[in-house]
Amino acid sequence: MFAPDLFGEGRHAMPLRPGAMLLGGFAAPDAPALLEDLRRVEARAPFRNMVTPGGWPMSVAMTNCGSVGWVTDRTGYRYDPLDPQTGEPWPAMPETFRRLAGRAAEVAGYRGFEPDSCLMNRYEPGSRLSLHQDRNELDFDAPIVSVSLGLPATFLWGGATRADRPMRIRLFHGDVVVWGGPARLTFHGVDTLSGGESPAGERRYNLTFRVAR
DNA sequence: TAGTACCG
DNA sequence: GCTG
């Protein structure tokens, strides 16, 4: 363990590689407010299973908040200022989201993180996300901040190439992973989710903060 | 290849 | 049958 009790009881920071850090339990105190704001966002921009360029629907349901949102369809991946399902702008990023992301980035060594996009992923038992890179952003100077809420999941933490065998890291309610700098384009994914109970019911939410533009 | 199916 |  890198810094036991850096944030208080039962929480810890663990470096995953240069530029990347797991902040165990960092978001746990904020989780009730984050989940409440998540409900407000999804009321205006419902979760939906997007289709990949290959034509297959994703098992993970997604929505966004912020000035742009990550979307995929048969034409490819992109950031869009409008929700293609409603034609409306994505809901504004809640202050609770923005502040948590900024604090987590700072603790991990990235000052002044001001995300313009939050991709919200909803996993149900059986959902998974295969190995990929976050590389649709216009520049890679800013880090990625990833917040886990609800059911635990096995995070697949790979390397700079798809051929690197991923580490398997268990992520729990309130955990935050931050990666940037030399780790910014790390391949990552999520193994098939198992069932169970959690503060968010029988599902897992992931909030991924990016500077897309 | 942010996807599934299939083989060994 | 289960995993990779």
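Letters go in sequence order (proteins before strands), and every chain restarts at 1. Computed from a predicted model, the values in this text were never measured in an experiment.
Looking at heavy-atom distances under 4.0 Å, R165(A) makes no contact with the nucleic acid at all. Counting any heavy atom pair closer than 4.0 Å across all strands shown, N136(A) reaches a base atom.
Consecutive Watson-Crick or G-U pairs involving DNA chain C, each under 3.5 Å on both distances, never reach a stem of three or more pairs.
Look at CG on N49(A): it is 15 Å from C1' on dT4(B), rounded to the nearest Å. For the pair N206(A) CG and dA2(B) P, the interatomic distance rounds to 16 Å; values are reported in whole Å. Note: CH2 (W56(A)) to P (dT4(B)) measures 8 Å, nearest angstrom. As rounded to whole Å, 10 Å separates atom C1' of dT1(B) from atom CD of Q133(A). Spacing between atom CG of D134(A) and atom P of dT1(B) amounts to 17 Å, rounded to whole angstrom units. We find that CG of D164(A) is positioned 18 Å from P of dG4(C), with the value rounded to whole Å. When the P atom of dC2(C) is taken as reference, atom CG of D191(A) falls 15 Å away, rounded to whole Å. The nearest whole Å value for the distance from the CZ atom in F187(A) to the C1' atom in dT1(B) is 8 Å.
Only the P atoms considered, dC7(B) is 22 Å distant from dG3(B), to the nearest whole Å. For the C1' atoms, the distance linking dT1(B) with dA5(B) amounts to 14 Å, nearest Å.
Judged by distance alone, with hydrogens and angles left aside, the side-chain atoms of D80(A) form no donor-acceptor pair with the main-chain N or O of G69(A) at under 3.5 Å. Checked by atom type and distance alone, the side chain of Q133(A) pairs as donor or acceptor with a backbone atom of L185(A) at under 3.5 Å.
The side-chain tip of R204(A) points at the ring of Y123(A) from less than 6.0 angstrom away and within 45° of straight on.
Distance check, rounded to the nearest 0.5 Å: CG of L207(A) to CG of N121(A) gives 8.5 Å. To the nearest 0.5 Å, the span separating CG on L171(A) from CG on L22(A) amounts to 6.5 Å.
OP1 or OP2 of dG3(B) has at least one side-chain nitrogen or oxygen of S130(A) nearer than 4.0 Å.
Within residues 65-78 of chain A, the residues that place at least one heavy atom under 4.0 Å from DNA chain B are, in residue-number order, W70(A), Y77(A).
Under the 4.5 Å side-chain heavy-atom criterion for ILVMFWY residues, no single connected hydrophobic cluster contains both L131(A) and V60(A).
Under the 6.0 Å cut-off for aromatic ring centres, F155(A) and F172(A) do not qualify, their centroids lying 6.0 Å or more apart.
Other residues, nucleotides and ligands place more than 12 heavy atoms under 6.0 Å from the CZ atom of R170(A). Counting heavy-atom neighbours within 6.0 Å of R99(A) CZ, excluding the residue itself, gives a total of 12 or less.
Using N1 to N3 plus N6-O4 or O6-N4 for Watson-Crick, or N1-O2 and O6-N3 for G-U wobble, each under 3.5 Å, dA2(B) pairs with nothing.
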